[in-house]
Undergrad: 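Quick one: the structure is below, questions incoming.
Only a predicted model underlies this, so the values are computations on that prediction, with no experimental measurement involved.
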Amino acid sequence: EAVLHLNGPLLIVAGAGSGKTKVLTSRIAHIIRSHKAFSSQILAVTFTNKAAKEMQIRVSKLLRKEATGLPWLGTFHSISAKILRKHAEAIGLKSNFTIIDQDDQTRLIKNICKAENIDIKKISPKYILAIIDKWKNKGFYPEDVILKKKGENLEKSFLNIYKIYQQKLIDLNSTDFSDLILHTVKIFEKYSDIASIYSKKFKYILVDEYQDTNFIQSEWLKYLSATNMNLCCVGDDDQSIYSWRGAEIKNFLEFDKNYQDTKIIRLEKNYRST
C-alpha cells in the first residue's frame with residue numbers, strides 16, 4: 001500500500017527493521033516503471049551520504065537498465081548545494097563558492113572576536129557557532145533575529161558576530177554547511193520563479209527519517225512540494241535523536257495538519273529481529 005499510493009501527501013510511520021528503505025526504493029522503482037514520472041522528476045532525500053549511497057545501489061539493482069539516469073538522490077545539504085550552485089548570484093555568491101568546514105569556521109570566528117575585542121577564553125568560538133547554527137536552523141539571517149530581553153547583552157554581541165561572520169563568508173565566496181539549506185530557502189522565498197522551477201520539476205518527493213527534520217528543512221520541503229503535493233515522508237516518532245541539532249518532532253506529528261488530505265500508513269512488523 002505504501003508503494004502503490006501515489007496521489008497526494010503520504011506519511012509512513014515505521015519502526016526499526018520494518019522495511020523503510022525497502023518501501024522507498026520500491027516506490028521509486030514503481031513510479032518509474034508505471035511511467036508516472038521520469039527518474040529526473042523524482043527527488044529522494046536522506047540524512048546521511050551513507051543512506052543516500054545505499055538507496056542509490058538498491059534503486060539501481062531494482063531498475064537495472066529501465067531508468068535513464070537516476071533520481072535526484074542525496075542529503076538535504078548535497079541537494080541544496082546542487083541547487084545553490086545554479087542560483088548562487090541571487091544571494092551574492094559565485095557558482096564556484098567553497099563550503100568551509102568546522103575548523104575554518106572556528107578560525108573565522110576567532111579572528112572576528114579578536115577584531116571585536118571579545119575574549120575567547122570567556123566565550124568559546126564553538127559556543128558562538130552553535131548559537132549561529134541554531135539561528136540558521138530556524139531560518140534566520142542576522143537581520144531576522146529578534147533578541148529576547150533576558151540575556152540580551154550577550155546575545156547582542158553574538159548577533160553582531162553573526163552579522164560580520166555572514167558578510168565575511170559572502171566576501172570570501174564561501175558558505176558553511178548550514179548556509180546550504182538556509183540560502184536555498186531564502187532564494188525560494190524571494191524568487192517565486194526559481195522556487196516554481198523546482199516544485200514543477202519534482203513530481204514525487206521522498207524523505208527518509210522525517211522525524212529528524214528541523215524547521216528550515218521542513219520549509220525547504222514545503223517549497224519543493226508546493227506544485228505536485230506528492231510528498232512521501234517516512235519516519236518513526238520513537239527514533240528522534242537530533243533535538244540538540246534543532247530537529248522538531250512536531251514536523252512529524254503535525255504532518256497531516258501541514259499537508260491536507262494526508263494518507264497515513266503504519267508499518268508495524270519488525271523484520272530485522274524476532
Side-chain angles (χ1 to χ4, degrees), residues 1-47 51-52 54-55 58-59 62-63 66-67 70-76 79 185 188 195-196 198-242 247-272:
E1 192 182 4
V3 169
L4 299 177
H5 179 84
L6 296 184
N7 294 323
L10 172 66
L11 182 67
I12 300 168
V13 183
S18 61
K20 290 195 288 264
T21 311
K22 182 158 179 65
V23 163
L24 290 174
T25 50
S26 305
R27 197 177 155 83
I28 291 168
H30 174 63
I31 290 165
I32 294 166
R33 280 182 188 149
S34 56
H35 306 294
K36 291 279 186 185
F38 295 113
S39 52
S40 61
Q41 295 172 310
I42 300 169
L43 169 65
V45 191
T46 63
F47 266 84
E54 161 83 1
M55 207 181 279
R58 288 214 212 173
V59 172
L62 276 174
L63 289 167
E66 290 172 47
L70 277 172
W72 280 48
L73 243 162
T75 61
F76 280 97
I79 303 281
V185 167
F188 290 162
S196 178
Y198 292 96
S199 75
K200 281 176 183 162
K201 176 184 172 59
F202 297 124
K203 285 193 174 176
Y204 290 93
I205 299 173
L206 302 91
V207 186
D208 196 11
E209 306 291 2
Y210 186 68
Q211 76 279 352
D212 290 330
T213 52
N214 57 30
F215 172 80
I216 198 75
Q217 288 162 335
S218 72
E219 286 298 293
W220 188 88
L221 286 168
K222 272 179 202 166
Y223 279 109
L224 289 177
S225 61
T227 304
N228 295 299
M229 294 306 281
N230 290 323
L231 175 65
C232 165
C233 294
V234 180
D236 177 6
D237 49 351
D238 285 337
Q239 288 189 71
S240 181
I241 57 167
Y242 286 115
E248 296 200 18
I249 191 69
K250 75 171 191 209
N251 291 342
F252 182 81
L253 300 175
E254 295 177 5
F255 184 85
D256 55 344
K257 284 185 191 155
N258 296 328
Y259 296 94
Q260 283 187 337
D261 305 317
T262 292
K263 168 103 173 144
I264 298 175
I265 295 172
R266 296 175 187 279
L267 304 180
E268 291 173 318
K269 186 170 176 184
N270 187 336
Y271 293 95
R272 197 182 296 150

Undergrad: Between NZ of Lys200 and CD of Gln41, what distance do you get to the nearest 0.5 Å?
TA: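 It is 13.5 Å, given to the nearest 0.5 Å.
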
Undergrad: Tell me, with the steps shown, if Ser225 and Ile205 meet side-chain contact (heavy atoms from CB on, under 4.5 Å).
TA: CA-CA 7 Å; Ser225 61; Ile205 299 173; 3.9 Å; yes

Undergrad: Please give me the minimum heavy-atom distance between Leu62 and Arg33, naming the atom from each residue.
TA: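 The answer is O-NH2, 2.5 Å.
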
Undergrad: I'd like to check Phe202 versus Thr227 (side-chain heavy atoms, cut-off strictly below 4.5 Å). Are they in contact?
TA: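 No, too far: nothing below the 4.5 Å cut-off.
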
Undergrad: Please identify each residue that fulfils ring pair (Phe, Tyr, Trp, His ring centres under 6.0 Å) with Tyr198, with sequence neighbours left out.
TA: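 Tyr198 satisfies ring pair (Phe, Tyr, Trp, His ring centres under 6.0 Å) with His87 only.
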
Undergrad: I'd like to know whether Arg58 forms a side-chain contact (heavy atoms from CB on, under 4.5 Å) with Thr21, so could you lay out the CA-CA distance, the side-chain angles of the two residues, the decisive distance to 0.1 Å, and finally the verdict.
TA: CA-CA 9 Å; Arg58 288 214 212 173; Thr21 311; 3.8 Å; yes

Undergrad: Would you indicate whether the side-chain heavy atoms of Phe76 and Leu221 approach each other to under 4.5 Å?
TA: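 Yes - at least one pair of side-chain heavy atoms lies under 4.5 Å apart.
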
Undergrad: Taking the side chain as everything from C-beta on, heavy atoms only, tell me whether Thr75 gets closer than 4.5 Å to Phe47.
TA: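 The answer is no; the side chains never approach within 4.5 Å.
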
Undergrad: Would you mind reporting whether Lys203 and Ile42 have side-chain heavy atoms less than 4.5 Å apart?
TA: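 No, too far: nothing below the 4.5 Å cut-off.
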
Undergrad: Got Lys201 and Trp72 here, is their nearest side-chain heavy-atom distance under 4.5 Å?
TA: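 Yes, at least one pair of side-chain atoms sits under 4.5 Å.
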
Undergrad: Between Ile12 and Val23, is there a side-chain heavy-atom distance shorter than 4.5 Å?
TA: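 Val23 vs Ile12: side chains touch.
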
Undergrad: Which heavy atom of Asp236 sits nearest to which heavy atom of Ala16, and what is that distance?
TA: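 Shortest heavy-atom contact: OD2-N, 4.0 Å.
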
Undergrad: Can you name the nearest heavy-atom pair linking Ser218 to Tyr210, along with the distance?
TA: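 Where Ser218 meets Tyr210 most closely, the heavy atoms are CB-OH, 4.4 Å.
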
Undergrad: SG of Cys232 to CG of Leu24: how many Å apart, nearest 0.5 Å?
TA: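 These two atoms lie 6.0 Å from each other.
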
Undergrad: Test side-chain contact (heavy atoms from CB on, under 4.5 Å) on Leu43 and Leu206 and set out the steps.
TA: CA-CA 6 Å; Leu43 169 65; Leu206 302 91; over 6 Å; no

Undergrad: To the closest 0.5 Å, what do you measure between CG (Leu11) and CZ (Phe252)?
TA: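 One gets 5.0 Å once the value is rounded to the nearest 0.5 Å.
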
Undergrad: Taking everything shown except Lys36 itself, do over 12 heavy atoms lie less than 6.0 Å from its NZ?
TA: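 No - once you tally the heavy atoms of other residues, nucleotides and ligands closer than 6.0 Å, there are 12 at most.
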
Undergrad: Enumerate the residue pairs fulfilling side-chain hydrogen bond (donor to acceptor under 3.5 Å, both in side chains) with a member in residues 1-15, sequence neighbours excluded, ordered by first and then second residue.
TA: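 Listed by first then second residue: Glu1-Lys263.
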
Undergrad: Could you grab the distance from atom NZ of Lys250 to atom NZ of Lys257, nearest 0.5 Å is fine?
TA: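 Result: 10.0 Å between the selected atoms.
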
Undergrad: To the nearest 0.5 Å, tell me how far Glu54 CD sits from Asp208 CG.
TA: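 It comes to 10.0 Å.
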
Undergrad: Check whether any side-chain heavy atom of Ile32 lies under 4.5 Å from a side-chain heavy atom of Phe38, and answer yes or no.
TA: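 Result no, sub-4.5 Å side-chain heavy-atom pair not found.
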
Undergrad: Who pairs with Tyr259 by ring pair (Phe, Tyr, Trp, His ring centres under 6.0 Å), at least two apart in sequence or on another chain?
TA: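 Per chain and number, Tyr259 pairs via ring pair (Phe, Tyr, Trp, His ring centres under 6.0 Å) with Phe255.
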
Undergrad: Return yes if a side-chain donor-acceptor contact under 3.5 Å exists between Asn251 and Thr213, otherwise no.
TA: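 Short answer, yes.
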
Undergrad: Evaluate Leu10 against Thr262 for side-chain contact (heavy atoms from CB on, under 4.5 Å), listing each step before the verdict.
TA: CA-CA 5 Å; Leu10 172 66; Thr262 292; over 6 Å; no

Undergrad: Heavy-atom distance under 4.5 Å between the side chains of Ile265 and Val13, does that happen here?
TA: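 The answer is no; the side chains never approach within 4.5 Å.
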
Undergrad: Show the nearest heavy-atom pair for residues Ala14 and Val234, with the distance to one decimal.
TA: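 Looking at all heavy atoms of both residues, the shortest contact is CB-CG1, 4.3 Å.
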
Undergrad: Can a donor-acceptor pair be found, under 3.5 Å and without considering hydrogens, that links the side chain of Arg27 to the backbone of Ala2?
TA: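 Judged by distance alone, yes, a pair lies under 3.5 Å.
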
Undergrad: Can you see which heavy atom on Val3 is nearest to which on His30, and at what distance?
TA: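 Nearest heavy atoms, Val3 then His30: O-CD2, 3.6 Å.
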
Undergrad: Compare every heavy atom of Ala52 with every heavy atom of Leu73, then report the nearest pair and how far apart it is.
TA: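 The pair with the smallest heavy-atom distance is CD2-O, 4.0 Å.
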
Undergrad: Take Gln211 and Glu209 through the side-chain hydrogen bond (donor to acceptor under 3.5 Å, both in side chains) test and state the conclusion after the steps.
TA: CA-CA 5 Å; Gln211 76 279 352; Glu209 306 291 2; 2.9 Å; yes

Undergrad: Examine distances only and state if a side-chain atom of Asn228 and a backbone atom of Asn230 form a donor-acceptor pair shorter than 3.5 Å.
TA: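 Answer holds: no.
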
